[in-house]
Structures are given as C-alpha cells and as structure tokens.
Amino acid sequence: MTGKQKVSAIINGELAEFLCEPHQSLLECLRDILGLTGAKEGCNDGNCGACSVLLDGRLVNSCLVLGVEIEGREVTTIEGLAGWQGLHPLQQAFIAEDALQCGYCTPGMLMAGKALLDRNPNPTEAEIRTWLSGNLCRCTGYDKIVRAVRSASKRMTEVV
Amino acid sequence: MRPFDYQAPATVDEAIAALAAKGERARPLAGGTDILVQLRQGRFELDLLVDLKRIPELLAIGYDPDTGLTIGAAVSCAVLAEHPDVRTHYPGLLDAASIIGGTAIQGRATLGGNLCNAAPSGDSIAAMMVLGARAVVAGPSGRREVPVASFCTAPGKTVLQKGELVVALKIPAPQPHTGARYLRFIPRGEMDIAVAGAGAWVALTADATRITNARIALAAVAPTPLNVPEASAALVGHAPGEDVFAQAAALASEAATPIHDTRGTTPQRRHLVAVLVRRALQGAVKRAMANEAPGQEAQR
Ligand SMILES: Cc1cc2nc3c(=O)[nH]c(=O)nc-3n(C[C@H](O)[C@H](O)[C@H](O)COP(=O)(O)OP(=O)(O)OC[C@H]3O[C@@H](n4cnc5c(N)ncnc54)[C@H](O)[C@@H]3O)c2cc1C
Ligand code: FES
Ligand code: FES
C-alpha cells in the first residue's frame with residue numbers, strides 16, 4: 001500500500017520537488033527531506049505553533065498539514081523571511097528587543113508575526129496578543145515578543 | 001502515524017466514489033486539525049484520506065439576501081471570517097469561527113470538520129444550530145439536507161452514511177430585528193476547548209418590545225451540542241429583559257447533563273450554562289435591536 005508520491009511546490013520562492021509518503025507531515029518533509037530545519041517540532045498536535053509556516057500566504061501549523069497537500073502551492077518558512085537586503089524588520093526587532101531566549105519558538109513567532117503584519121500593518125497590542133495566541137513561548141513571558149512585533153510594525157509603516 | 005493513501009479529487013462525485021469504495025477505512029480530510037491529531041494519537045486507522053480542498057464547490061462562499069449563506073465544507077474559518085457578507089450579516093457565526101483554536105488552526109479548520117467531528121464542545125455547532133443552519137449532504141444515492149440541530153447523534157457520531165460527505169452549510173438569510181450570539185467559557189483567553197458554551201438567537205417585533213421567536217443551544221454540557229426548546233419557548237411573547245433571560249437560563253441549566261472532568265465539574269458547568277445563556281441572550285438582543293456593525297463585535 002501507499003508508497004512515495006512526488007510533490008512539486010514553490011518553497012520560499014523557488015520550485016521544490018520532493019518525494020514523500022502521504023502520511024508524512026509538511027513539517028517532516030521540510031525538516032527531514034528538504035533540510036529546512038527552521039520550523040520546529042514542539043507538540044506535533046497543533047498547540048504550540050513552533051512549526052508555523054505560511055501556506056499560500058496563510059499561517060498554518062505545518063505539523064497539521066500533510067506534505068502531499070502542498071502540491072502546486074506556495075510555502076514560506078523562516079528560511080524565506082530574510083531577503084537579499086538582510087534580515088526582515090521583524091527579525092531585526094526580535095534582536096533589538098531581546099525577544100528570544102532559547103529561540104525554539106522564534107521561527108514560529110516570526111512567521112506568525114509576518115502573517116499578521118501582512119494583513120494588518122499597524123496592529124494594537126491586543127490584536128498582536130490574540131493573533132499570537134497559538135504560539136507558545138516557555139522563556140520570554142511574551143512581553144518582549146509583543147514589543148518586538150509592535151516595533152517592527154512601526155518601522156515598516158514609517159518606511160512606506 | 002500509520003501509513004495511508006491520499007487522494008485529492010476534483011469533483012464531489014469522485015470523492016463519494018473514493019469514500020464509498022473504502023467504507024470505514026476512508027475518511028474525508030478538510031482542515032485536518034482534528035483528524036490528523038487523532039490519526040497520530042492512534043485513535044483509529046485508515047487506508048485512505050480523501051482531501052476535499054481541491055473541489056471548487058467546497059471552497060466557495062455564496063451569499064444571497066433572499067436565500068442566505070452557503071459555505072463550502074472546505075472553507076477555512078480564516079477565509080470565512082474575511083468574507084464581507086459574513087462579517088456584515090452573520091456576526092453570531094463569526095463569534096464561533098473566530099475562537100476555534102488560534103490563528104494557525106483557523107487557517108485550516110472548517111465548519112464542516114467541526115460539525116462532522118461531532119465533539120460535544122464543537123464551538124460552531126451550537127452557533128450554527130441557533131442560526132437554523134442545514135448541512136447539504138452528498139452521497140452515493142444523491143443529495144439531502146440535514147438540519148445541523150439533528151446532525152450529531154453521539155460524541156464523534158453523525159447521521160452520515162457510507163460514502164456520504166457534507167458539501168456545504170446553508171444558513172438562512174438574516175431577517176430584520178433578529179440577532180445571534182455565541183459565547184463560551186475557557187480558563188484562558190484563547191486556544192482551549194469550551195468548558196461550556198451557549199448560543200442564542202432572537203427575533204424581535206419591529207419596536208423591539210417583544211420576543212417573537214428564539215433559539216438556544218449549548219456546547220460541552222451534553223453528549224452532543226444541545227438544543228433547548230423549553231428555554232426558547234420561555235422567551236417567546238415576552239419583553240426582552242433580565243427576568244425572562246434568567247428564566248431561560250435556569251431552564252437551559254436544568255436541561256444540561258454535563259460530565260465532571262478535568263476541565264470542569266458538573267455544578268460548575270451548570271452554573272456556567274446559566275451565565276452564558278443570559279449573556280448570549282443579551283448579546284443577541286443587542287444585535288437584533290441595533291443592527292450593529294457585526295465585524296467589530298465579532299472579535300469576541
Ligand atoms: C490546537 C487546537 C485547538 C482547537 N480549538 C478548538 C476550539 O476552540 N473549538 C473547537 O470547536 N474545536 C477546536 N479544535 C478542534 C478542530 O480544530 C475543529 O473541530 C475544526 O473545526 C475541525 O475542522 P477540520 O476542517 O480541521 O476537520 P478535519 O480534521 O479535516 O475533519 C474532522 C472530522 O470530520 C470529517 N470531515 C471533515 N470534513 C467533512 C465533510 N465535509 N464531510 C464529511 N466528513 C468530514 C473528517 O473525516 C474527520 O473525521 C482545536 C484543535 C486543535 C488542534
Ligand atoms: S509542533 Fe506544530 S503546533 Fe506544535
Ligand atoms: S524563547 Fe524559548 S520558547 Fe520562546
């Protein structure tokens with residue numbers, strides 16, 4: 001039964017083709033097949049957000065997506081966040097605000113932050129906290145993360 | 001996870017054929033936020049998952065002021081919550097769609113999946129029940145419509161027969177002077193399963209002095225989301241106000257048969273039902289009276 005299927009998708013702006021079994025999660029495919037180890041496995045059941053990526057621009061938990069589901073779709077992972085000009089303003093703000101300690105939640109936080117700012121460039125603190133509610137952090141106590149998202153949002157809206 | 005096959009058909013007929021061929025060994029995949037977790041936990045084994053997200057009909061949202069809202073069964077809560085007509089006309093539905101999990105869960109979770117998973121705590125089920133929603137079911141012998149209120153038969157069990165799937169949810173057009181609200185209690189702000197939930201829908205006279213019709217449904221306090229007709233009946237013919245809300249709340253609390261578990265005790269859940277029904281009624285009446293801009297209120 002089953003066997004491997006070929007999947008073609010745009011991952012971080014580039015065409016990626018890989019083989020996976022239907023039951024393998026997108027998170028497994030990213031990490032173990034494609035070598036994109038930025039997305040982390042925390043809970044493997046949708047609760048922690050460490051595996052957050054964008055699927056066609058929408059925030060999802062890659063542990064609750066099958067690799068085969070991304071056929072023909074676009075995925076953005078933390079590896080695709082920084083551009084040629086350097087770190088994304090969110091990444092810079094996380095450094096400036098000390099918004100990480102162990103860093104395990106950080107890729108997910110950044111992808112969730114990006115999904116938020118893409119839709120709502122100037123969120124309130126309450127909106128940031130609600131939006132990030134599916135991303136758990138055991139270290140920072142969240143305040144610095146929320147501050148970093150706000151400061152990135154300020155910088156990004158000033159530049160425009 | 002134990003290996004299984006995966007198909008992503010482009011039509012409803014192909015999906016039905018694939019499901020019917022495998023019987024109990026195949027299931028639909030919508031957002032996967034329940035079924036992938038359950039498969040990984042080893043709660044059951046499957047030979048085939050049939051992905052519904054490549055079927056155009058199941059991804060559509062249609063609104064018609066006369067016939068109401070049709071939501072394709074594979075539409076995620078996030079897409080639903082961005083739809084302008086849903087935001088304007090169905091705040092009571094958004095109350096539920098915007099509290100299922102967090103942002104990333106809502107990016108995948110569907111109302112069809114919430115309904116077909118048939119958890120007693122399914123937030124959108126009670127919300128859809130009070131709105132008079134119907135599920136459009138397609139199967140080997142054609143299509144039928146099932147009221148959401150009679151769709152779930154036991155925890156995890158539904159009226160669906162072999163090869164059947166939900167293609168859409170239909171919600172009647174909102175009438176003037178009607179309003180709906182869904183609320184739940186969880187110990188933290190987000191990302192938790194309801195300890196108790198309550199949905200309310202009311203229709204008022206044009207001058208808002210009398211309730212002409214009402215529906216109340218509860219979540220997480222019975223083996224299935226629970227309709228409470230006796231609480232609804234207690235409201236009809238009365239002026240909207242705290243006395244009659246309290247009466248309906250007491251009846252709902254009596255009708256509930258909550259279990260005692262790690263999330264809450266039986267007495268706590270009964271108490272919560274009364275509080276939530278009262279607040280849901282206040283919210284529903286406020287919406288019915290004000291025709292308030294729903295998107296703004298829908299945040300929770
Ligand atoms: C972290 C987390 C938080 C959550 N929080 C909440 C919450 O607050 N409130 C809540 O109610 N739920 C919550 N859930 C549960 C889940 O997200 C919801 O029940 C969701 O709506 C399920 O939809 P889905 O599309 O992901 O379903 P799936 O997992 O794809 O499917 C669920 C079940 O329904 C069947 N199915 C799906 N679509 C159809 C169809 N069209 N026809 C026939 N059968 C179908 C599937 O075969 C499966 O058995 C949470 C889950 C997680 C992981
Ligand atoms: S690993 Fe995916 S949400 Fe925790
Ligand atoms: S920095 Fe350690 S979990 Fe967030």
Side-chain angles (χ1 to χ4, degrees), chain A residues 1-5 7 20-28 39 41 43-73 108-109 111-116 119-120 124 126-136, chain B residues 1-8 10 22 25-26 29-43 45-54 59 74-82 98-109 113 186 188-193 298-300:
Chain A
M1 198 185 89
T2 70
K4 292 198 172 171
Q5 292 193 11
V7 178
C20 72
E21 292 193 48
H23 70 279
Q24 287 186 289
S25 70
L26 174 58
L27 178 62
E28 277 175 80
E41 179 183 318
C43 61
N44 219 16
D45 64 12
N47 273 285
C48 76
C51 65
S52 302
V53 301
L54 305 186
L55 177 56
D56 288 341
R58 215 170 265 293
L59 189 73
V60 299
N61 300 308
S62 61
C63 70
L64 293 187
V65 177
L66 297 174
V68 287
E69 285 187 68
I70 71 160
E71 172 64 35
R73 305 209 183 280
M109 289 287 181
M111 297 318 289
K114 174 172 163 54
L116 171 61
R119 281 170 182 72
N120 179 358
T124 63
E127 286 169 336
I128 297 171
R129 285 185 187 274
T130 303
W131 186 273
L132 295 179
S133 65
N135 291 80
L136 303 186
Chain B
M1 239 188 291
R2 194 187 152 279
F4 46 75
D5 273 324
Y6 168 87
Q7 286 178 24
K22 295 274 183 185
R25 304 291 299 179
L29 170 70
T33 61
D34 277 317
I35 198 165
L36 294 181
V37 175
Q38 292 160 1
L39 283 167
R40 202 167 279 148
Q41 289 170 344
R43 281 215 234 156
E45 289 183 356
L46 292 179
D47 294 338
L48 175 67
L49 271 185
V50 180
D51 192 350
L52 305 178
K53 295 189 294 299
R54 307 268 171 175
L59 296 169
V75 170
S76 70
C77 289
V79 168
L80 186 72
E82 285 169 8
S98 60
I99 58 173
I100 293 180
T103 316
I105 294 291
Q106 285 161 28
R108 298 265 296 168
I186 56 175
R188 51 181 173 158
E190 295 86 16
M191 292 289 290
D192 211 341
I193 306 293
Q299 287 301 317
R300 184 167 36 245

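A note on names: the letters A, B, ... follow the listed sequences, proteins ahead of strands, and every chain is numbered from 1. As a basis for the values below, the full set of heavy atoms in this structure was taken, side chains included, without hydrogen atoms, waters or symmetry mates.
- The minimum heavy-atom distance linking B:Y6 with A:Q5 is given by the pair O-NE2, 3.6 Å.
- Minimum interatomic distance between A:S133 and B:G102 (heavy atoms only, all atoms of both residues): OG-CA, 4.0 Å.
- For chain A, the nearby part of B:L49 is the side chain; its heavy atoms alone come within less than 4.5 Å.
- Nearest heavy atom pair, residue A:P22 against residue B:F4, reads CB-O, 3.2 Å.
- Per-residue heavy-atom pair counts under 4.5 Å with chain A were compared for B:I105, B:D51, B:I35, and the maximum is reached by B:I105.
- In this structure, B:T33 and A:L64 approach most closely via the heavy-atom pair CA-CD1, 4.0 Å.
- In terms of non-hydrogen atom pairs under 4.5 Å with chain B, the most contact-rich of A:Q24, A:E71, A:R73 is A:R73.
- Residues of residues 50-57 of chain A lying within less than 4.5 angstrom of chain B, judged on heavy atoms, are A:L55 in numerical order.
- Ranking B:R188, B:Q41, B:R54 against chain A, the residue ahead of the rest is B:R54, based on heavy-atom pairs under 4.5 Å.
- For the atom pair CG (B:L36) and CG (A:N44), the distance works out to 10.0 Å, reported to the nearest 0.5 Å.
- Contact count versus chain A (heavy atoms, under 4.5 Å) is highest, among B:M1, B:M191, B:R108, for B:R108.
- For the set A:N47, A:N61, A:N135, the entry with the most heavy-atom pairs within less than 4.5 Å of chain B is A:N61.
- When all heavy atoms are compared, the tightest approach of B:R40 to A:C63 is NH2-O, 2.9 Å.
- B:A78 touches chain A through backbone and side chain together, each having a heavy atom under 4.5 Å away.
- Not counting sequence neighbours, B:R43 has no partner by the salt bridge (charged side-chain N to carboxylate O under 4.0 Å, His left out) test.
- Heavy atoms of B:Q106 lying under 4.5 Å from chain A are absent altogether.
- Side-chain contact between A:L66 and B:L29: present, with at least one pair of heavy atoms (C-beta onward) separated by less than 4.5 Å.
- Of all heavy-atom pairs between B:P3 and A:H23, the closest is CA-ND1, 3.5 Å.
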